[in-house]
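Reading through the structure tokens given below for one structure.
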Amino acid sequence: MPDGNSAADGGKTGVRIVVVGDRGTGKSSLIAAAATESFPENLSPVLPPTRLPADFFPDRVPITIIDTSARLESRGKLNEELKRADVIILTYACDFPLTLTRLSSFWLQEFRRLEVFFLFFFCFLIYKFCNYNVKVPVIVVGCKVDLRDENQPISLEPVMGPIMQQYREIETCIECSAVTLMQVPDVFYYAQKAVLHPTAPLFDQDTQALQPRCIRALRRIFILCDSDMDGALNDAELNDFQVKCFDAPLQPAEIVGVRRVVQEKKKEGVNDLGLTLEGFLFLHSLFIDKGRLEATWAVLRKFGYSNDLKLRDDFLPAPSKHAPDQSVELTIESVEFVRRVFRLFDTNNYGALQPTQLDELFSTAPENPWGEAPYKDAAERTTQGNLTLKGFLSEWALMTMLDPRGSLANLLYVGYGGNPASALHVTRRRSVDRKKQQTERNVFHCLVFGPKNSGKSTLLNSFLGRPFSESHELTAGERYAVNVVDQLGGNKKTLILREIPEDGVKKFLSNKESLSSSDVAVFVYDSSDEYSWKRSNELLVEVARHGEESGYGVPSLIIAAKDDLDPHPMSVQKSVRVYILSLKPHLCMPNFRNLVCQELGIGACIPISSKLGDMNNVFCRILSAAEHPHLNIPETVAGRKRKQFHQLVNHSLLFMSVGAAFAVAGMAALRAYSGRRNSPSLRGFMPLALLKYYRLWTVSFCRGTPSVSRMVVLRARLSKPDLIWRALPSQPPGY
């Protein structure tokens with residue numbers, strides 16, 4: 001069915017092969033024989049890097065071969081080369097059995113000690129979250145097979161079988177001869193193949209079954225190819241699949257042969273409609289079992305999958321933000337698609353997806369993207385733990401804001417058929433929204449600050465509709481809560497609350513652009529605790545100062561939580577009085593808390609009680625503050641003085657520029673007058689006329705700044721001295 005020559009290379013631009021082994025096992029001879037197709041007589045102990053051209057093998061990917069030395073003094077360089085290897089060729093000498101023994105007693109153990117099997121940090125992540133280990137593949141090669149004693153034949157299977165069972169990174173074992181060139185090209189072909197078409201992501205050697213992530217990818221491909229959605233690939237669909245992946249149609253006899261092979265081994269793999277999903281998966285298991293991994297990889301890569309069985313970046317045209325104060329949202333078309341997907345999998349019409357239904361929805365994705373933080377428990381659920389429609393839409397909004405490319409990938413995984421480039425859109429800059437005093441966003445990001453035990457987590461729980469609980473555990477790290485807020489008039493907006501622990505504020509503000517992605521910030525304090533109030537104000541001033549210095553100030557609100565408790569008004573008022581008098585000693589008002597808000601230029605404190613269920617419409621008020629980005633931006637004393645200083649400097653520069661313009665105009669007029677001083681019509685009148693006009697214009701300027709166009713006209717007129725008399729009016733305009 002497949003044509004191996006059409007297999008893709010997975011985007012690799014080259015394969016780096018490192019050849020290692022004991023001294024005298026034939027490493028250098030093997031490399032030279034492959035490069036020159038002849039046996040070399042005289043070789044240096046270690047060859048320089050050898051490059052095989054791209055057309056050496058059908059995959060057309062160039063190969064770089066690195067020779068190494070087994071000498072102890074070269075061990076450091078050897079270790080560095082091993083860490084850079086895409087694949088390792090481990091050699092032993094067929095005429096020296098001790099070198100075969102040292103494969104497991106030294107070399108393979110040394111590889112694991114060096115941790116060369118874990119390439120880069122992303123490989124560790126795949127190792128952690130996937131069901132297979134990402135390791136540098138090893139090809140075991142027996143050299144000098146022509147020198148083996150014919151009276152003592154050795155079977156590789158009983159010798160290498162236990163070793164390969166223990167060290168799963170060994171892809172294959174092969175013997176060769178550099179003298180006779182027997183299987184020399186095959187050695188490097190298998191090495192290249194182990195990199196371009198790896199086994200571990202597709203097949204579990206222990207269970208002899210396809211890897212779960214491979215099954216998920218093939219299931220998605222099957223659904224995409226099942227055009228009539230009847231759960232089976234008919235002859236036409238099977239032929240279209242063949243043409244798409246291998247650029248060659250299937251003959252009718254070949255289609256019959258495929259069905260017969262599947263039906264003999266797996267009866268449920270074929271029905272009256274065609275090849276079922278079970279049969280489709282069995283075919284790929286058969287390819288892998290027969291060593292035709294390139295066939296399965298050709299299919300996966302044709303549909304955009306990389307070696308970690310996720311869609312490649314070139315298949316994900318996610319929009320990129322041009323400025324830090326922009327964000328990414330789903331388009332209206334994408335939101336409607338997400339709604340349809342929810343209704344499709346809500347088979348019992350409960351208005352909420354059960355965990356099993358959610359797993360089925362993401363069965364064509366590498367994994368459920370919402371199973372881990374920050375998405376886990378971030379959206380509204382029923383008391384049974386089912387995800388509501390609001391929660392479903394909210395999770396998509398949160399994922400799109402935090403990981404636009406991942407959001408687009410998951411849209412494609414679950415069947416989005418529109419243009420991927422138009423599935424997401426970038427919002428307008430928040431600085432532009434502030435100038436226009438309005439915003440077009442549908443998703444708003446709110447930062448939640450506050451001291452410990454102030455009620456931040458309870459606020460987030462209330463936002464998700466969860467009941468109040470007396471027991472409370474301190475939040476270890478940042479936490480998100482997202483929900484859809486119903487506004488007056490039927491409008492719906494999505495609000496994302498991001499809780500910043502008190503201990504994490506310093507680290508959060510260490511990034512200059514930390515506030516750029518936020519639309520609003522709230523500061524929560526325990527209204528019964530004097531210290532909580534003071535600390536909340538300190539955090540507010542700290543955040544406001546950071547916003548002034550970075551240019552990313554955000555609207556801010558203060559929330560007085562636990563309003564049902566005794567507020568201890570005397571102690572609180574005393575501390576607030578001290579704070580206010582430190583700002584403006586002449587102020588004295590009874591409502592000190594709101595006075596602080598007034599002094600900072602933000603709205604009054606919002607009292608709430610989660611225990612009593614009295615939330616004082618706080619979430620709509622947060623949303624309203626976010627929708628008016630030019631209001632409620634706090635100003636510190638230093639920031640206010642800095643602003644006044646900048647205004648003074650700007651006014652001074654304006655007066656200086658106007659004065660300079662008049663000076664230039666006067667000089668031009670003086671030069672014109674000097675050039676025509678012998679003119680009878682202007683002699684004696686010119687200085688007097690100009691002086692009179694200049695004085696009148698100065699008076700006009702004091703009453704109102706003249707426009708630039710007026711100054712330009714004046715300068716143009718003064719450049720024509722013979723027209724001065726007619727050009728000068730009796731008085732300046734507007735005087």
Side-chain angles (χ1 to χ4, degrees), residues 327 355 358 368-383 385-388 390-404 406-407 443-485 493-511 514-526 532 535-536 539-540 542-543 554 556-559 561-562 606 608 610-611 615 618-619 622-623 625-626:
S327 58
L358 198 61
N368 183 344
W370 303 335
E372 301 288 339
Y375 308 109
K376 187 177 182 181
D377 298 328
E380 179 186 82
R381 292 180 180 265
T382 65
T383 54
N386 301 331
L387 190 64
T388 64
K390 275 188 175 183
F392 188 70
L393 296 173
S394 299
E395 290 277 27
W396 279 104
L398 177 61
M399 183 165 58
T400 304
M401 185 192 77
L402 297 180
D403 183 15
S407 179
V443 179
F444 296 90
H445 182 199
C446 172
L447 299 174
V448 181
F449 297 96
K452 296 177 181 177
N453 298 314
S454 60
K456 300 187 298 296
S457 298
T458 303
L459 176 70
L460 267 66
N461 289 335
S462 300
F463 184 48
L464 300 178
R466 296 173 184 171
F468 175 80
S469 175
E470 294 286 355
S471 60
H472 172 66
E473 295 183 2
L474 290 177
T475 304
E478 293 187 2
R479 176 194 166 196
Y480 287 88
V482 54
N483 209 341
V484 177
V485 178
K493 301 290 184 180
T494 302
L495 180 62
I496 298 173
L497 301 183
R498 179 184 178 186
E499 178 182 352
I500 309 295
E502 182 183 7
D503 298 338
V505 173
K506 184 177 180 180
K507 179 180 178 182
F508 175 80
L509 295 179
S510 63
N511 182 2
S514 56
L515 299 177
S516 62
S517 62
S518 307
D519 300 288
V520 62
V522 298
F523 298 83
V524 184
Y525 75 94
D526 182 351
S532 183
R535 181 58 181 148
S536 178
L539 292 174
L540 172 57
E542 191 175 348
V543 172
V554 294
S556 301
L557 299 174
I558 297 179
I559 297 178
K562 307 180 184 181
I606 305 174
I608 64 170
S610 299
K611 183 176 182 179
M615 299 307 295
V618 64
F619 303 117
I622 293 174
L623 200 59

* To do: Could you give me the CA-CA distance, side-chain angles and deciding distance for S532 and N453, then say whether side chain to side chain contact (heavy atoms under 4.5 Å, CB included) is met?
  => CA-CA 8 Å; S532 183; N453 298 314; over 6 Å; no
* Working for side chain to side chain contact (heavy atoms under 4.5 Å, CB included), residues S556 and L540 -> CA-CA 8 Å; S556 301; L540 172 57; 4.0 Å; yes
* **Trace of the side chain to side chain contact (heavy atoms under 4.5 Å, CB included) decision for V485 with F444** => CA-CA 11 Å; V485 178; F444 296 90; over 6 Å; no
* To do: Take L447 and H445, measure what side chain to side chain contact (heavy atoms under 4.5 Å, CB included) needs, and give me the verdict at the end.
  => CA-CA 7 Å; L447 299 174; H445 182 199; 3.9 Å; yes
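Evaluation of the side chain to side chain donor-acceptor pair (under 3.5 Å) rule for E542 yields no partner, not counting sequence neighbours. Checked against side chain to side chain donor-acceptor pair (under 3.5 Å), T388 has the following partners two or more places apart in sequence or in another chain: E380. Partners of K562 under the salt bridge (Lys or Arg N to Asp or Glu O under 4.0 Å) rule, at least two apart in sequence or in another chain, are D526. Evaluation of the salt bridge (Lys or Arg N to Asp or Glu O under 4.0 Å) rule for K452 yields D503 as partners, not counting sequence neighbours. Judged as a side chain to side chain donor-acceptor pair (under 3.5 Å), and not counting sequence neighbours, the contacts of S457 are T475, E499.
In terms of heavy-atom proximity, Y375 sits nearest to P369 at CD1-O, 3.3 Å. The shortest heavy-atom contact between R381 and L358 is NH2-CD2, 4.5 Å. Nearest heavy atom pair, residue S536 against residue V524, reads OG-O, 3.7 Å. Scanning all heavy atoms of the two residues, the minimum distance from L402 to P374 falls at CD1-CG, 3.7 Å. V554 and L515 get closest at one heavy-atom pair: CG1-O, 3.8 Å.
Between the CG atom in L497 and the OH atom in Y480 there is a gap of 11.0 Å [rounded to 0.5 Å]. A distance of 6.5 Å separates CZ in F619 from CD1 in I608, rounded to the nearest 0.5 Å. Here the CZ-CZ distance, from F449 to R535, works out to 11.0 Å after rounding to the nearest 0.5 Å. Expressed to the nearest 0.5 Å, how far CD1 of I500 lies from OG of S514 amounts to 9.0 Å. Rounding to the nearest 0.5 Å places CG of D377 at 11.0 Å from CD of E372. To the nearest 0.5 Å, the span separating CZ on F463 from CG on N483 amounts to 5.0 Å.
Side-chain N/O atoms of S462 and S610 include a donor and acceptor closer than 3.5 Å.
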Considering only distance and modelled atom types, tabulate donor-acceptor pairs under 3.5 Å from the side chains of residues 392-400, sequence neighbours left out.
residue, atom, partner, partner atom, Å
S394, OG, K390, O, 2.6
T400, OG1, W396, O, 2.7
T400, OG1, S407, OG, 2.8

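No donor-acceptor distance shorter than 3.5 angstrom exists from the side chain of D519 to the backbone of A626, with no hydrogens or angles considered.
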